[in-house]
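Heads up: the structure comes next, in structure tokens.
Quick note on labels: first sequence line is chain A, next is B, and so on, each numbered from 1. Please read all numbers here as calculations on a predicted model, not as lab measurements.
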Amino acid sequence: MAEDFDVVGMHHTYEQIYAAVRRIPRGRVATYGQIAALAGLPRQARMVGYALNALPESRSLPWHRVINAKGEVSPRSEPGFERVQRALLEREGIEFDARDRVSLARFRWQPRLPR
DNA sequence: TTTATGGCTGTCA
DNA sequence: ATGACAGCCATAA
């Protein structure tokens with residue numbers, strides 16, 4: 001019954017993801033899984049990817065600060081986009097090694113406060 | 001409704 | 001270190 005009105009919950013999920021992404025400080029990166037967890041959606045890293053994929057460009061969200069657990073920029077549908085994201089990160093001071101990977105040990109955003 | 005796919009992750013060989 | 005598998009679940013056909 002009330003389930004028919006879960007409209008709030010539906011969009012709330014994406015909002016949570018966007019909110020989490022927005023918290024990533026400049027010069028820092030976070031993984032999809034990390035964002036998912038912060039958004040209260042453990043194990044739903046893929047949803048983060050979808051949320052960001054469906055994200056309107058007009059929305060100034062630091063989506064480029066979200067990378068995969070390997071510390072590398074996830075290959076997107078469009079070829080060559082990888083370097084764009086990389087450029088954005090480098091502009092914030094993120095460093096890439098010879099293998100085009102970021103050292104999560106150093107640049108991963110680690111929020112102290114729970115949730 | 002079912003099926004297929006996807007900006008992933010953790011575990012195991 | 002790399003490669004294969006299974007799990008999670010929303011969106012599009």
Q. For C/dC8, which nucleotide is its Watson-Crick or G-U wobble mate, given both distances must be under 3.5 Å?
A.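 Partner of C/dC8: none found under 3.5 Å.
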
Base, sugar-phosphate or nothing for [X]? Non-hydrogen atoms, less than 4.0 Å.
| X | result |
| --- | --- |
| A/Pro42 | nothing |
| A/Val48 | nothing |
| A/Asn68 | sugar-phosphate |

Roughly how many Å is it from [atom1] in [X] to [atom2] in [N], rounded to a whole number?
| X | N | atom1 | atom2 | result |
| --- | --- | --- | --- | --- |
| A/Lys70 | B/dC8 | NZ | P | 8 Å |
| A/Leu55 | C/dT11 | CG | P | 14 Å |
| A/Arg46 | C/dA12 | CZ | P | 16 Å |
| A/Leu52 | B/dC8 | CG | P | 11 Å |
| A/Ile17 | C/dA10 | CD1 | P | 10 Å |
| A/Arg43 | C/dA10 | CZ | P | 17 Å |
| A/Tyr14 | C/dA10 | OH | P | 8 Å |
| A/Asn53 | B/dC8 | CG | P | 10 Å |

For [Y], is there an ion pair with [X] - N to carboxylate O distance below 4.0 angstrom?
| X | Y | value |
| --- | --- | --- |
| A/Glu95 | A/Arg106 | yes |
| A/Arg86 | A/Glu82 | no |
| A/Arg65 | A/Glu92 | yes |

**Q.** Pair A/Arg108, A/Gln34: side-chain N/O donor-acceptor within cut-off below 3.5 Å
**A.**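 Result is yes, a qualifying pair exists.
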
(Q) For A/Arg76, is the CZ atom crowded, meaning more than 12 foreign heavy atoms sit under 6.0 Å from it? (A)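 Atom CZ in A/Arg76 is crowded, with more than 12 foreign heavy atoms closer than 6.0 Å.
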
**Q.** Given B/dG7, C/dC8, C/dA1, the nucleotide with the shortest approach to the side chain of A/Arg101
**A.**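 Selected nucleotide: C/dA1.
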
**Q.** Selection from B/dG10, C/dT11, B/dG7 that lies nearest to any side-chain heavy atom of A/Ala69
**A.**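 Ranking B/dG10, C/dT11, B/dG7 by closest atom to the A/Ala69 side chain puts B/dG10 first.
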
Q) Side-chain N or O of A/Tyr32 less than 4.0 angstrom from OP1 or OP2 on C/dC8? A)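 Result: no.
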
